[in-house]
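Have a look at the structure below, then the notes.
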Amino acid sequence: MLKLKLARQTISKNLQLYLPFLLANAVLVGINYIFFSMTTNKSLEKQNYGSGLIQLMNIGLAFTLAITFFFMIYINGIVSRRRNHELGLYSILGMTRSDLGKMIFFIDAIMFAASSVLGLVFGATFVKFVGLGLKKLLDMERLNVPVFSSVAAIICIGYFAAVYFILLLGDLWRLRSVNPLDLWKATNKREKEPRGSWIFGIAGVVALCTGYAIAVRMKVSMDGVKSFMLAVVLVVIGTYLVFIAFSIIFLKMLRKNKSFYYRRNHFISVSGMIYRMKQNGASLASICLLLTTALVAIVTTGTLRLSQEATLKLYNPYDVVMTKRTPISHADKMMIQSRAKDNHVTVGKYVNMTMTGPIYGNFSGSAYSVSKTVDMSTENQLFAVPVADYNRIQKQNVHLAKDEILMCSSKGGYDKNRLTIKGKTYKVRHIDSFDFYFDYQRTIFKPIFVFAKDKTVCEQISGNWLYAMGYDISGKKSDLKKYTVGLENSQGTYIYMDSFSDRPSASEIFNQLFGGLLFIGIFVSIVMLIATVVVMYYKQVSEGYADRDRFKTMQQVGLSREETKSAINSQVLTVFMLPIIGAAVNVGFAIPAIQKMLVFLAMYDKLLLTKFGIVSLAVTFLGYVAVYKLTTNVYENIVNR
């Protein structure tokens with residue numbers, strides 16, 4: 001088995017090339033195994049809302065599998081180009097194309113077997129911890145996650161076997177179309193100086209600016225989802241064009257600047273980068289987009305999780321909230337008490353409020369424009385409440401004139417001192433909070449509560465009346481759920497309710513939805529960051545091998561080790577800061593669009609989203625700098641070898 005022995009020797013002699021690819025693949029095998037374990041888990045499927053959670057996980061799994069596939073193809077291309085150097089030597093020593101093909105087969109087989117075993121060990125080691133975290137995150141007491149799932153292992157290994165088979169076919173196809181003697185020459189072939197295209201550069205800037213404009217101006221609607229996807233496509237295209245075309249133009253502009261270019265560090269770094277910037281630009285754009293995707297995923301899902309309590313309070317300021325078209329009677333309250341007693345539940349103090357039916361519309365300047373037809377372009381629902389109800393609930397003593405209103409809205413809502421509603425202008429006094437502030441019928445429309453002098457003034461705003469009641473409950477978790485489910489199902493028999501919601505059920509739904517999304521976001525971000533780190537590593541490896549001869553020549557004519565190190569740092573720093581800067585700009589313009597998308601889940605807190613985005617970007621930047629330092633050391637070792 002000479003070919004197998006040579007394959008093992010090729011891997012062992014080039015661990016710097018193969019080991020990171022092997023470890024990255026092993027981690028991806030482990031992550032996908034964990035995903036498969038969750039999506040095939042019968043215990044999870046039997047949980048409340050478990051089937052919906054599995055559907056969410058399947059979406060995340062599909063995304064992760066796609067990223068895994070393209071990542072492995074991309075990195076395998078880099079590995080195979082470096083491997084051609086050694087294969088060229090074997091071909092000169094007399095090995096045929098068939099012999100080289102067998103060597104490639106054994107190399108890929110060894111990599112597949114090793115990454116599969118390590119990946120399953122990694123997955124089986126951490127799946128229990130992930131299960132415990134998911135159990136805590138989603139509040140699933142009966143969730144059982146086995147350490148090893150044969151079904152998940154078979155599916156996972158089957159997928160990676162298919163990917164490695166595709167990689168093998170690609171390697172063999174490239175080998176067929178190349179003269180074995182050219183394999184040795186291909187590694188040492190120098191890049192031609194690329195031409196920077198102003199047309200592509202300007203097109204990239206236009207695509208980026210258009211994508212950013214669409215994201216910032218996007219409306220909360222189903223059309224907004226389509227706009228967001230269009231913005232994503234434009235940003236991806238624009239990022240690649242700008243990095244590839246404008247980077248070359250920029251470097252050539254630096255070369256024309258004699259006072260800048262003819263300094264030792266700048267001369268070495270600019271002259272070195274300019275010859276490979278076409279490939280360099282694509283790699284940098286890929287790193288930028290991987291970082292952007294990871295940040296968007298974790299910022300979106302993390303913000304949702306952090307805002308869960310605020311959203312829950314918006315739906316249910318009290319444990320039970322109901323509205324009726326007729327006043328809530330003493331008989332209704334007696335029935336509520338009776339059902340609570342039957343389920344061993346204690347009912348707290350009732351809080352009642354009279355309010356007008358909502359008028360849907362949008363703010364336009366200092367006026368509230370009522371929508372003739374309620375659709376996805378409508379943003380708000382406005383209620384009018386007599387100030388007497390506000391004083392009773394808040395224990396205040398506010399007096400209003402007929403042309404005055406108090407207003408309570410979510411963060412970032414209306415902030416002007418006058419408001420015109422249906423042709424009548426009111427002086428506005430803003431209040432920060434209201435204990436019975438809630439989202440009527442749990443819609444995507446932002447609730448706006450205004451408090452007027454009396455019912456007559458309220459009826460000028462809206463003539464229909466609703467009667468709301470809220471109260472807290474206490475008891476065992478199982479009894480609370482049984483009570484609220486029975487109460488909701490009893491409408492029409494005991495109480496005809498216009499709307500009904502309860503905190504125990506809403507909390508369970510939110511735990512499943514927001515927790516599940518966070519779980520997916522974390523794993524997708526991990527996959528993206530792994531891909532980013534490995535792409536950065538192999539970029540440094542390929543750059544190091546390409547620059548080694550050039551630096552050796554310069555050292556022979558007088559360039560010192562210290563000057564070499566300084567030139568390397570200048571070159572690498574210039575290149576590697578661009579992707580994180582680009583990712584920061586992309587995320588900055590994406591945040592307004594993300595906020596509008598999150599409105600679908602009643603998340604209105606722009607400040608929370610912005611703060612979490614800044615913190616996530618700062619943490620990512622620190623990690624990026626650490627990876628930059630580690631990969632720079634790899635580059636220096638190759639150049640100075």
Side-chain angles (χ1 to χ4, degrees), residues 44-53 135-143 304-305 307-355 358 381 383 393 434-444 447 466-516 601-603:
L44 178 59
E45 190 176 1
K46 293 177 182 178
Q47 302 292 316
N48 292 327
Y49 312 105
S51 58
L53 179 60
K135 187 175 180 179
K136 181 71 174 178
L137 191 66
L138 306 183
D139 195 21
M140 291 181 169
E141 297 178 356
R142 295 170 294 162
L143 178 63
L304 273 177
R305 185 64 176 184
S307 67
Q308 178 174 324
E309 281 303 314
T311 306
L312 185 60
K313 185 177 180 181
L314 180 64
Y315 280 15
N316 276 88
Y318 303 97
D319 290 340
V320 175
V321 174
M322 63 178 68
T323 62
K324 290 184 64 180
R325 298 283 179 178
T326 58
I328 297 172
S329 64
H330 178 71
D332 295 335
K333 295 179 180 179
M334 291 298 294
M335 190 281 299
I336 290 171
Q337 291 285 357
S338 175
R339 294 194 68 85
K341 185 177 180 180
D342 293 341
N343 289 280
H344 311 289
V345 170
T346 302
V347 174
K349 182 181 178 181
Y350 297 113
V351 179
N352 296 290
M353 178 174 66
T354 304
M355 63 187 198
Q381 51 178 335
F383 307 88
I393 294 171
F434 173 52
D435 290 349
F436 212 151
Y437 180 80
F438 74 108
D439 187 354
Y440 172 69
Q441 293 186 336
R442 275 54 64 189
T443 64
I444 67 167
L466 293 172
Y467 301 88
M469 183 172 73
Y471 58 91
D472 292 329
I473 53 178
S474 59
K476 292 182 180 179
K477 186 176 180 179
S478 57
D479 292 336
L480 295 177
K481 185 175 180 181
K482 189 185 300 182
Y483 165 71
T484 54
V485 169
L487 190 62
E488 183 176 14
N489 293 335
S490 70
Q491 70 162 315
T493 305
Y494 300 99
I495 305 177
Y496 181 76
M497 291 173 283
D498 176 66
S499 70
F500 177 90
S501 67
D502 66 276
R503 183 181 286 266
S505 298
S507 179
E508 187 174 18
I509 294 173
F510 284 4
N511 275 332
Q512 309 299 319
L513 178 60
F514 294 174
L601 296 171
M603 205 297 289

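For D479, there are no side-chain hydrogen bond (donor to acceptor under 3.5 Å, both in side chains) partners two or more places apart in sequence or in a different chain. With sequence neighbours left out, the side-chain hydrogen bond (donor to acceptor under 3.5 Å, both in side chains) criterion links Y440 to D498. Not a single side-chain hydrogen bond (donor to acceptor under 3.5 Å, both in side chains) links Y437 to another residue, sequence neighbours left out. Considering only residues two or more places apart in sequence or on other chains, S338 meets the side chain to side chain contact (heavy atoms under 4.5 Å, CB included) condition with D342. For S329, the side-chain hydrogen bond (donor to acceptor under 3.5 Å, both in side chains) partners at least two apart in sequence or on another chain are D332. The ring-ring contact (aromatic ring centres under 6.0 Å, His included) check on Y318 picks up F436, with sequence neighbours excluded.
No side-chain heavy atom of P327 sits under 4.5 Å from any side-chain heavy atom of N352. Contact of the I328 side chain with the Y350 side chain is not registered, since no non-hydrogen atoms from C-beta on lie closer than 4.5 Å. Residues K333 and M469 are in side-chain contact: their nearest non-hydrogen atoms beyond the backbone lie under 4.5 Å apart. For the pair M353/F434, a side-chain contact is recorded, criterion being any heavy-atom separation below 4.5 Å from C-beta on.
Atom CZ of residue R442 and atom CZ of residue F500 lie 9.5 Å apart, to the nearest 0.5 angstrom. E508 CD to K477 NZ: the interatomic distance, rounded to the nearest 0.5 Å, is 6.5 Å. Here K481 contributes atom NZ and S507 contributes atom OG; the two are 11.0 Å apart, rounded to the nearest 0.5 Å. Between E309 atom CD and F510 atom CZ the span is 10.0 Å, to the nearest 0.5 Å. In this structure, the separation between OH on Y471 and OG1 on T346 is 12.0 Å, given to the nearest 0.5 Å.
Using a distance-only test at 3.5 Å, with no hydrogens or angles considered, a donor-acceptor pair links the side chain of D319 to the main chain of I473. Between the side chain of T311 and the main chain of S307, a donor-acceptor pair closer than 3.5 Å is present.
Taking each heavy atom of N316 and A506 in turn, the nearest pair found is OD1-CB, 4.2 Å. Taking each heavy atom of S499 and T323 in turn, the nearest pair found is OG-OG1, 2.6 Å. Of all the heavy atoms in K313 and R503, the pair that sits closest is CA-NH2, 4.1 Å. The minimum heavy-atom distance linking D439 with P447 is given by the pair CA-CG, 4.2 Å. The minimum heavy-atom distance linking N511 with Q308 is given by the pair OD1-NE2, 2.9 Å. Taking all atoms of both residues into account, the shortest heavy-atom contact from Y467 to R325 is CE1-O, 3.6 Å.
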